[in-house]
Amino acid sequence: MLADLTLGSAVVLFLGCTLVIGVAGTRLTHIVDDLADRTGLGEAIAGAVLLGMATSLSGLVLSVSAALADRPTLAMSNALGGIAVQTLFLTIADLTHRRANLEHAAASIGNLMQGGLLLCLLALVLVGRFAPEWTLWQVHPITPLIVIGYLFGLRLADRTRTRPMWQPAQTRETTPDVPDDQAQTRSARRLWLSFAGLALVLGASGWLLEGVASVIAEDTGLGQSVVGVLMTAVVTSLPELVTSVAAVRRGALTLAVAGIIGGNAFDTLFVAASDMAYRGGSIYHAMPDGVALWVAISLLMTAILMVGMIHRERLGPGRIGFESLAIAGCYLAGAAMLVMAPG
């Protein structure tokens, strides 16, 4: 049905999905922040698991749908481009927190653990691409390693939160993760139902976007790599942008950073899920060089972010951290290389 869309209809539907994803993502922030306090999970874990997972659903559905439809380039470019653009969104969130550098104020060992986990998972994606093209039932051995690594990393992050071996120094700009008394009065059942409903809306939007993106890529001649990295990845990542900015304005700074880093770690599961859905062999070896470049860029952006969280500069150029400027520069350079690449 979606394959019969005209380019004009596809663009209109693309914009409609963008609006739905943006609105649903904004509402999710308040619900997850209350769930973090109501359940005792804390902002770092709730942001990484609940917020990161729910806001990533549209991108997950899109990548899996593309892999099932034998469009591995779109599947991988959406997944990996989403990780890069979501890291870029922290720069925008940093701009909205004028009191101090966001990475300084949201100091959290949980966020550092999630960042380290993300580096490991992205490295596994690169290992999969350069490893022999072995598959079992059309699934590459790296795929179960990514899933196991993600689950083990979450366990380590939770254990570190409850029994930390060290703590970041507290300053006047640091915002501690303190439960909100008002959240304790809200019905946990209603919060979970709202969370599930919004997550369903985001998943359905991702399914629609996959068909729309294919039409746009074919009719405009832009190609699946450009459409995946610079269009669908941005749109399916909009919840991370709006939730991060909303969390900063709400004062939940740890949640703002955790939602991005945790969402990125969850997004590596897009690759694992896409490999299982793809019937043409190893999806890692179907990934073109232009998409593999974004794995390296995401690794670099995440490493810069972690350096910023450890260094904890209070105020940098333009009242944001040096890492925010470096991350923006990495993303723009990658986008320019992708657009100018031949073919």
Side-chain angles (χ1 to χ4, degrees), residues 1-5 10 14 56-84 121-150 203-233 235-237 264 266-299 334 338 341-343:
M1 180 182 67
L2 293 178
D4 298 328
L5 285 174
F14 185 89
S56 298
L57 271 178
S58 56
L60 173 62
V61 173
L62 193 154
S63 286
V64 171
S65 298
L68 284 170
D70 196 27
R71 288 189 276 265
T73 299
L74 178 59
M76 296 293 276
S77 60
N78 175 72
L80 299 170
I83 293 172
L121 296 174
L122 286 170
L124 279 176
V125 174
L126 277 184
V127 171
R129 186 170 190 265
F130 293 106
E133 197 171 348
W134 296 329
T135 61
L136 179 63
W137 296 308
Q138 303 297 317
V139 176
H140 195 276
I142 284 293
T143 291
L145 288 179
I146 290 176
V147 177
I148 293 169
Y150 176 76
S205 299
W207 177 79
L208 283 173
L209 273 175
E210 187 277 322
V212 170
S214 300
V215 172
I216 293 175
E218 183 176 344
D219 289 0
T220 62
L222 288 173
Q224 293 180 17
S225 295
V226 174
V227 171
V229 170
L230 301 182
M231 294 182 67
T232 64
V235 171
T236 57
S237 299
N264 284 348
F266 182 79
D267 283 6
T268 60
L269 297 183
F270 292 13
V271 179
S274 298
D275 185 42
M276 289 186 279
Y278 182 55
R279 297 293 84 196
S282 166
I283 201 169
Y284 306 95
H285 294 83
M287 178 170 52
D289 290 342
V291 177
L293 168 67
W294 284 89
V295 183
I297 290 175
S298 297
L299 280 166
L338 179 64

Partners meeting side chain to side chain donor-acceptor pair (under 3.5 Å) with Tyr278 (sequence neighbours left out):
none
Please walk me through it: do Arg279 and Asp70 pass side chain to side chain contact (heavy atoms under 4.5 Å, CB included)?
CA-CA 7 Å; Arg279 297 293 84 196; Asp70 196 27; over 6 Å; no
Applying side-chain hydrogen bond (donor to acceptor under 3.5 Å, both in side chains) as the test, list every pair that has at least one member in residues 126-135; sequence neighbours left out.
Arg129-Asp289
What are the two closest non-hydrogen atoms of Leu126 and Ala292, and how far apart are they?
CD2-O, 4.4 Å
When you measure from the side chain of Asp267 to the backbone of Ala79, do you find a donor-acceptor pair of N or O atoms at a distance under 3.5 Å?
no
Under 3.5 Å, is there a donor-acceptor pair between the side chain of His285 and the main chain of Phe130?
no
Can you check whether Ile283 reaches Met76 side chain to side chain, under 4.5 Å on heavy atoms?
yes
d(Ile297 CD1, Leu80 CG) to nearest 0.5 Å is 10.5 Å
Please name the pair of heavy atoms, one in Val271 and one in Tyr284, separated by the smallest distance, quoted to 0.1 Å.
CG1-CE2, 3.4 Å
With sequence neighbours left out, write down each residue that passes side chain to side chain donor-acceptor pair (under 3.5 Å) with Ser298, or none if nothing qualifies.
none
Could you tell me which residues satisfy side chain to side chain contact (heavy atoms under 4.5 Å, CB included) with Leu68, sequence neighbours excluded, listed by chain and number?
Val64, Ala277
Given the rule in the side chain to side chain contact (heavy atoms under 4.5 Å, CB included) test, do Leu338 and Leu293 qualify, once you have shown the distances and angles that lead to the verdict?
CA-CA 9 Å; Leu338 179 64; Leu293 168 67; 5.6 Å; no
For Thr73, all residues meeting side chain to side chain contact (heavy atoms under 4.5 Å, CB included), sequence neighbours excluded
Gln224, Ser225, Pro288, Val291
State whether the side chain of Ser63 and the backbone N or O of Leu60 hold a donor-acceptor pair below 3.5 Å, judged by distance alone.
no
With a 3.5 Å distance limit and no angle check, can you tell me whether His140 reaches the backbone of Ala272 through a side-chain donor-acceptor pair?
no
CD1 (Ile146) and CG (Leu124) are apart, to the nearest 0.5 Å, by 5.5 Å
Has Ser274 got a side-chain atom pairing as donor or acceptor with Phe270's backbone, closer than 3.5 angstrom?
yes
The side chain to side chain contact (heavy atoms under 4.5 Å, CB included) partners of Val127 (sequence neighbours excluded) come to Ile142
With side chain to side chain contact (heavy atoms under 4.5 Å, CB included) as the criterion, how do Asn264 and Leu121 come out once you've worked through the C-alpha distance, each side chain's angles and the decisive distance to 0.1 Å?
CA-CA 10 Å; Asn264 284 348; Leu121 296 174; over 6 Å; no
